[in-house]
2 protein chains.
Amino acid sequence: MNLQPNSQPEQTVAGTSNYSRAPRMAKEDRRDQLLTTALNAFADGGYHTTSMDDIAAAAGVSKPVLYQHFPGKRELYLALVEYTLVDLSAKLDHSLAASDVNRIRVESMIDTHFEFVEHQPQAHRLVFSADLLAFPEVADRLNNFYDGIAGIIASVLGPNVGIPHTQAAMLGRGLVQMVQTAAVYWAQHPESATRQEAQQQVFRLAWGGISILDEDWK
Amino acid sequence: MNLQPNSQPEQTVAGTSNYSRAPRMAKEDRRDQLLTTALNAFADGGYHTTSMDDIAAAAGVSKPVLYQHFPGKRELYLALVEYTLVDLSAKLDHSLAASDVNRIRVESMIDTHFEFVEHQPQAHRLVFSADLLAFPEVADRLNNFYDGIAGIIASVLGPNVGIPHTQAAMLGRGLVQMVQTAAVYWAQHPESATRQEAQQQVFRLAWGGISILDEDWK
DNA sequence: CCGACGTGGACATCAAGATCGGTATCCAGA
DNA sequence: TCTGGATACCGATCTTGATGTCCACGTCGG
């Protein structure tokens, strides 16, 4: 499945017949195309504003085709959320495992986040900006995701600075959100700085706070 | 209007008549009650999941009553968002104006945020967790709100540390989100620490980062 | 050339927003 | 205390839009 922003709904080509019809595709290909289209559509307008008709039209097929590949709108949406979170989690894990030095780790995770926001803005908006509260499962799933990261950060943070684990988790979660927000802000104001500059600022802010936690602890 | 979480929908008392009907109320009182009820309902289930029937039922009145007080669902929702943001903005402004010392200012704004999350959780969820993307106006309004705060932080931050204003705004926005997220986390894990302890941790993290920006600037 | 499968226009179904005509309650004044 | 009008309230209904399905049609492999 291609989650990059560049995939476009195909155009029906006028062939020998002037009858407009989507070209026949292999099942998997069609499914992938529908997923990508749905991702973009949802990210663009949110869950409720985006109808199945819209998605089908954007994909250049009719609605029944959509229902042949997915049992319903809800499942389609959940599949996309799940895919995105798994993807991002894997990348963050990878960033974390890339080094043993905490400073490098933090830098790497910040980089991963900026990368994600820059290169997969639809996926990001789908998961972090859309109406999550509507589906409790999604809210739980996202909570889960955040707790995972916060826990990791806490386990890195806590022992070093003598803070109770839950409080370290709280700070970790706040830090993640801080990075994410800053990344989005930068993506919306790309002219303000290069990505590298922006990341560096964010890192200094975060790392500075973390270091102080260590030094200042009484 | 009462935004506290304690207001409950009234129960129709079985009087001389067994015919269930909401007691007659003064227009303003009824309106306030509906607003409060709607706030709780929206915060609980999100915009789209909450129907006008739900709100009316929760308020113990019938649907037409709702439409006698508000032109539509959308307007009702927007009114609540606006009210909440104005309220919070005022409180933050007040916190900022309370002192000339930046350190105190930051502490005070953190305190205000924790206060908000703790005492008005519905209002907070309504504005910051619900489906904002659905209504562009809401997204814009919220953007506006954040930019206001970020701008203030930037103007405190920027001149002192020589960072371009836009980058300072990015960091300011990230910091706000960090505080907010931590506050929510604490509210969900109240047993992990007292509010004061939690706020102190958050402050140290934030202030540490800010200080480093100052010191470390090359 | 033909059967099977992918495709789509049209439609049933339903949930939710919005409304209308009638009913109950309160109050002011005689 | 009676009466009439004004105001708040409600059951029932209309309307819209979106989800999910049916049956005919065209296209491709054999």
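So you know, we letter chains A, B, ... as the sequences are listed, proteins then strands, and number each from 1.
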Atom pairs under 3.5 Å, N or O on each side, protein against nucleotides 19-22 of chain C: can you list them with distances?
none

(message) Please enumerate all residues that pass ring-ring contact (aromatic ring centres under 6.0 Å, His included) together with A/F70, with sequence neighbours excluded.
(response) none
(message) Under a 3.5 Å threshold, yes or no: a donor from one side chain and an acceptor from the other, between B/D87 and B/T84?
(response) no
(request) Could you state the atom-to-atom distance from CZ of B/R24 to P of D/dA6 in whole Å? (result) 13 Å
(message) What is the distance, to the nearest angstrom, from the CG atom on A/L66 to the C1' atom on D/dC22?
(response) 17 Å
(message) The criterion is ring-ring contact (aromatic ring centres under 6.0 Å, His included); which residues satisfy it with B/H189, sequence neighbours excluded?
(response) B/Y185
(request) Write down the distance between NE2 (A/H48) and P (D/dT19), rounded to a whole number of angstrom. (result) 11 Å
(request) Return the value, rounded to whole Å, for the distance between atom OH of B/Y77 and atom P of C/dG17. (result) 14 Å
(request) Round to a whole Å and report the spacing from CG of A/L34 to P of C/dG6. (result) 14 Å
(request) List for me each residue that meets ring-ring contact (aromatic ring centres under 6.0 Å, His included) alongside A/F114, sequence neighbours excluded, and say none if there are none. (result) A/W186
(request) Rounded to the nearest angstrom, tell me the gap between atom CZ in B/R31 and atom P in D/dC9. (result) 14 Å
(request) Would you indicate, yes or no, if C/dT7 has its OP1 or OP2 atom less than 4.0 angstrom from a side-chain nitrogen or oxygen of A/R30? (result) yes
(request) Could you state the atom-to-atom distance from CG of A/D53 to P of D/dG17 in whole Å? (result) 12 Å
(message) Counting only side-chain heavy atoms from C-beta out, which of D/dT19, C/dG17, D/dC9 sits nearest to B/V65?
(response) D/dC9
(message) If the cut-off is 4.0 Å, is A/S62 near the phosphate of C/dG8, judged by side-chain N/O to OP1 or OP2?
(response) yes
(message) Test of understanding: with ring-ring contact (aromatic ring centres under 6.0 Å, His included), list the residues that count as partners of B/Y67, not counting sequence neighbours.
(response) none
(message) With no hydrogens and no angle check, just 3.5 Å: does a side-chain donor-acceptor pair link A/D111 and A/Q199?
(response) yes
(request) Not counting sequence neighbours, which residues clear side-chain contact (heavy atoms from CB on, under 4.5 Å) with A/N143? List them please. (result) A/R173
(request) Using whole Å, report how far NZ of B/K73 lies from P of C/dA16. (result) 8 Å
